[in-house]
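Here is the structure we will look at, set down as structure tokens.
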Number of protein chains: 2
Amino acid sequence: MSEIKRGRGRPSKFDPETSLQIAMHLFWSHGYEGTSMAELTEAMNINKPSLYGAFGSKENLFRKAIEQYMAGPIAFVGEALSEKTAYEVVEKLLLNTATFLTDPANPKGCMVLMGTLSCGKEAEAIKQEMITRRQAYEMALKQRFILAQAQGDLPKDAAPETLAKYVVTIHQGMTVQAVNGASHAELEALAKLVLQNWPAPGNQAK
Amino acid sequence: MSEIKRGRGRPSKFDPETSLQIAMHLFWSHGYEGTSMAELTEAMNINKPSLYGAFGSKENLFRKAIEQYMAGPIAFVGEALSEKTAYEVVEKLLLNTATFLTDPANPKGCMVLMGTLSCGKEAEAIKQEMITRRQAYEMALKQRFILAQAQGDLPKDAAPETLAKYVVTIHQGMTVQAVNGASHAELEALAKLVLQNWPAPGNQAK
DNA sequence: ATATTATTATACCACTTGGTAAAAAATATG
DNA sequence: CATATTTTTTACCAAGTGGTATAATAATAT
């Protein structure tokens, strides 16, 4: 695909996509500030000028990495929204989250949360962007619940806004639990507890 | 109290307690790694050798600060455990948390969570200590629910362990919500939603 | 007054941070 | 071949990191 057209100068020895994947895992593991350019260049097997040539800056690299993250590892979050009922949306969301957060192949925790909850003043911009992402997620869930209410699979007296905040709060709390070392069984039990209490209709157990 | 017996050498110009309070607020605002010794010394109006003489190291200063934090700002968490019923424990816990997290006098967020969710490898020790603190909190809540079950104000078929994890997850998720900018009204509505679903007995809607 | 003691202040340490300038190497085109 | 082009490599930068040795200073005890 990119081998057909060979440029004119010295060939670059790294594949930007795989390098980005490596960066994603590093940021995912140690957060934005907790990951240094030195660690990144070493893990990616790239010299710093090449990295800066390809990605511009540490901030930009992180932004590209987080896009990869959202398109890949946590694509299931966006997909859950298109389930048929509000109950199924939440079911898919929380059960998949439990699995995702305890997958041994993944770094513990969520990249949108880790290391950007608090930070020094240099990372303030990135922190704000992560806040915006989390808010957008909550907003999307709220819209989905409003739709569900219109479609009748959520009670008339339910508050979509509060329910959205509730689910997001559970989701983000589960992330902390995963960092604390919670097992898949524990997170699954937690998710099922939430589903049990979900406002009818849709509150059929199992 | 400390004015009666005046030491022999040059008098120290700072009060360790108020200095510690300042350090607490800084760590609270920007996390462990996000706060530098330079910022600390400047805010405390102390030179570095004095600070190291009084507190030993950055790690130690943080530990002292977190003790202050637990004994002061979030003492209500421990106090909530001695409420009469499980329902009242959770009620006091979550409603006070909503108020605490949106108090304009406080930095946004919880010090036991902020900046220690992920970190570089130098802060790994502090991160672990915070994890332990969070686990201890969950454990205490679980024990309280076991007691409640024995006293009959929690159903026989309830799972104290899962309920404890549930409440702690909500609590920690609320912290993230506060960082995201949630208002007191929003967090209160969230807390009341949780209380509505609390397993009877104790599930009387106020 | 003078020695003693405990603290403050200044200057500094080695190391790491994100970021870059300049030179060297590898390819394609003429 | 030589030349143009693009990359890698090496070396470096100023600023900041946590932490400390040394000297100045201010109080008390003799």
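In what follows, chains carry the letters A, B, and so on, assigned in the order in which the sequence lines appear, proteins first and then strands, with residues in each chain numbered from 1.
- Taking the side chain as every heavy atom from C-beta outward, A:Lys165 and B:Leu193 never approach each other to under 4.5 Å.
- In this structure, A:Phe62 atom CZ and C:dG19 atom C1' are separated by 19 Å, rounded to whole Å.
- At whole-Å resolution of the value, CG in A:Asp15 and C1' in D:dT7 are 16 Å apart.
- Projected onto DNA chain D by closest heavy-atom contact, B:Pro49 and A:Gly9 fall at different nucleotides, the more 5' of which corresponds to A:Gly9.
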Pair assignment for DNA chain C - dot-bracket with | for other-strand partners, Watson-Crick or G-U under 3.5 Å: ||||||||||||||||||||||||||||||

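- Between the CZ atom of B:Phe55 and the P atom of D:dT20 there is a distance of 16 Å, given to the nearest Å.
- Using a 4.0 Å cut-off between a side-chain N of Lys or Arg and a carboxylate O of Asp or Glu, B:Lys127 and B:Glu124 qualify as a salt bridge.
- Salt bridge present: B:Glu59 and B:Arg63 bring a charged side-chain N and a carboxylate O closer than 4.0 Å.
- Between B:Arg8 atom CZ and D:dT28 atom P there is a gap of 11 Å when expressed in whole angstrom units.
- Taking a 6.0 Å sphere around CD of B:Glu161, one finds it holds 12 or fewer heavy atoms contributed by other residues, nucleotides or ligands.
- Contact annotation: A:Asn47 side-chain N/O to D:dT9 OP1/OP2 distance is under 4.0 Å.
- For C:dT7, neither phosphate oxygen OP1 nor OP2 lies less than 4.0 angstrom from any side-chain nitrogen or oxygen of B:Ser50.
- Taking atom NZ of residue A:Lys13 and atom C1' of nucleotide D:dT6, one finds them 15 Å apart after rounding to whole Å.
- Taking the ring centre of A:Phe27 as origin, the terminal cationic atom of A:Lys58 falls outside the region bounded by 6.0 Å and 45° from the ring axis.
- Under the 4.5 Å side-chain criterion, counting only non-hydrogen atoms from C-beta, B:Gln172 is in contact with A:Asn180.
- Contact check for A:Glu186 versus A:Thr102: no side-chain heavy atoms found under the 4.5 Å cut-off.
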Tell me, for nucleotides 12-19 of chain D in 5' to 3' order, what letter each nucleotide earns: B for a base near a protein heavy atom under 4.0 Å, S for only sugar-phosphate near one, - for neither? -----SBB

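- The CG-C1' distance, from B:Asn45 to C:dA9, rounds to 12 Å in whole Å.
- When all heavy atoms of A:Ser29 and B:Ser118 are compared, the closest pair comes out as O-CB, 4.2 Å.
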